[in-house]
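When a residue number appears, it is its place in the shown sequence, counting from 1. Atom set for the values below is all heavy atoms of this structure, side chains included, hydrogens, waters and symmetry mates excluded.
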Amino acid sequence: MGAALQMTAFGLALLATLFLLLATSTDCWMVNVDDSLEVSHKCRGLWRECVTNMQDGVRTCDQYDSILAEHPVKIVVTRTLLITADLLAGLALAVLMLGLDCIKFLKEEPRVKLQMCYGAGGILGIGSILGLVGSVWYAVDVYMERAMLMSHNIFLGVHYDFGWSCWLGMAGSTGCFMASVLLTCCLY
């Protein structure tokens with residue numbers, strides 16, 4: 001039972017970490033949602049903004065000036081939280097892999113291996129909270145920006161909504177949290 005639970009938690013943590021990495025590196029955190037005929041599809045991400053022409057499929061991207069340049073708070077905070085969550089999830093995967101019963105590392109020390117699994121669960125839990133806070137922070141900021149424009153009856157021609165990268169960040173963070181719960185609460 002313990003080995004199956006470990007493998008389930010490892011598989012879930014691996015998938016969730018991949019989701020977090022994809023969310024951090026992709027550029028569709030905000031997408032335009034117009035009611036008019038769309039000629040182009042616009043995505044804004046943490047690192048660049050891309051526009052895809054709907055008729056011929058040509059995609060062009062504008063990189064943000066610099067990592068150190070002055071950016072909106074939502075981009076800086078989300079970048080920081082998601083990069084930290086990525087690093088913690090990667091560290092947790094490495095520790096968890098060494099703590100699995102099916103790995104021969106420290107085979108004669110089952111207590112140490114169990115502590116490694118608990119430690120990996122704790123690290124995943126912290127990473128999941130950071131990733132979820134970053135993703136939700138960005139989503140709430142997008143919603144508040146849209147609500148403010150709507151309440152003042154300002155129509156700029158483009159309204160943005162949550163993109164698939166934002167949802168992927170939330171899913172990855174939730175997966176890391178579930179793996180953390182499996183490792184810390186259900187393993188013993």
Side-chain angles (χ1 to χ4, degrees), residues 8-54 57-64 67 71-93 96 120-121 123-151 155-183:
T8 302
F10 179 77
L12 184 59
L14 181 64
L15 183 65
T17 301
L18 289 174
F19 280 5
L20 277 175
L21 287 169
L22 276 172
T24 305
S25 62
T26 54
D27 52 332
C28 209
W29 281 75
M30 288 172 45
V31 294
N32 66 324
V33 287
D34 290 337
D35 294 330
S36 63
L37 289 173
E38 291 186 27
V39 180
S40 63
H41 179 74
K42 297 175 186 140
C43 283
R44 286 188 184 169
L46 302 178
W47 311 103
R48 63 184 172 216
E49 184 173 342
C50 295
V51 178
T52 305
N53 188 328
M54 299 307 274
V58 174
R59 182 177 182 189
T60 57
C61 294
D62 291 331
Q63 296 281 87
Y64 295 146
I67 292 176
H71 295 291
V73 174
K74 72 178 171 187
I75 288 179
V76 174
V77 169
T78 305
R79 279 181 183 174
T80 304
L81 290 172
L82 259 71
I83 289 172
T84 306
D86 292 342
L87 293 172
L88 288 174
L91 174 66
L93 275 176
L96 179 58
I123 295 169
L124 271 174
I126 294 168
S128 71
I129 291 169
L130 293 176
L132 199 57
V133 166
S135 299
V136 170
W137 169 287
Y138 196 93
V140 166
D141 198 60
V142 169
Y143 176 77
M144 294 302 290
E145 180 181 319
R146 184 176 178 187
M148 183 190 69
L149 291 175
M150 297 287 244
S151 69
F155 182 70
L156 300 175
V158 177
H159 291 291
Y160 283 94
D161 206 359
F162 317 128
W164 59 269
S165 297
C166 187
W167 292 111
L168 203 58
M170 289 182 203
S173 299
T174 304
C176 283
F177 183 75
M178 289 170 37
S180 172
V181 167
L182 282 176
L183 289 170

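Applying the side chain to side chain contact (heavy atoms under 4.5 Å, CB included) rule to W167 yields the partners F162, M170; only residues at least two apart in sequence or on another chain are considered. With sequence neighbours excluded, the residues satisfying side chain to side chain contact (heavy atoms under 4.5 Å, CB included) with A16 are C176. Among residues two or more places apart in sequence or in another chain, the side chain to side chain contact (heavy atoms under 4.5 Å, CB included) test is passed with I126 by L88, L130. L91 is linked by a side chain to side chain contact (heavy atoms under 4.5 Å, CB included) to V95, I123, counting only residues two or more places apart in sequence or in another chain.
Side-chain contact check for L93 versus F10: some heavy-atom pair is nearer than 4.5 Å. Contact annotation: the side chain of T52 never approaches that of K42 to less than 4.5 Å [non-hydrogen atoms, C-beta and beyond]. The side-chain heavy atoms of R44 and W29, taken from C-beta on, include no pair separated by under 4.5 Å. Side-chain contact between S135 and L82 is present, with heavy atoms from C-beta onward closer than 4.5 Å.
What you find for S173 and S128 is that their closest heavy atoms are O-CB, 3.2 Å. Residue G172 comes nearest to L20 through the heavy atom pair C-CG, 4.0 Å, listed as atom of the first residue, atom of the second, then distance. Looking at every heavy atom in both residues, A179 comes nearest to L124 through CB-CD1, 3.9 Å. Annotation for W137 and T78: closest pair CD1-OG1, 3.9 Å, computed over non-hydrogen atoms.
In this structure, OG1 in T84 is found 13.5 Å from CD1 in I129, a value given to the nearest 0.5 Å. The OG1 atom of T80 sits 11.5 Å away from atom CD1 of I75, with the distance rounded to the nearest 0.5 Å.
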Item to check | Audit row: Y138, V77, side-chain contact (heavy atoms from CB on, under 4.5 Å) steps and yes/no | outcome: CA-CA 8 Å; Y138 196 93; V77 169; over 6 Å; no
Checklist entry - Could you walk me through whether L132 and F177 pass the side-chain contact (heavy atoms from CB on, under 4.5 Å) check? => result CA-CA 9 Å; L132 199 57; F177 183 75; over 6 Å; no
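For the cysteine pair C50 and C43, the distance separating the two SG atoms is not below 2.5 Å.
The main-chain N or O of M30 is never found under 3.5 Å from a side-chain atom of W164 such that the two would form a donor-acceptor pair.
For residues 8-27, every residue pair satisfying the side-chain hydrogen bond (donor to acceptor under 3.5 Å, both in side chains) rule, not counting sequence neighbours, is listed here: T24-D86, T26-S165, D27-R48, D27-R59.
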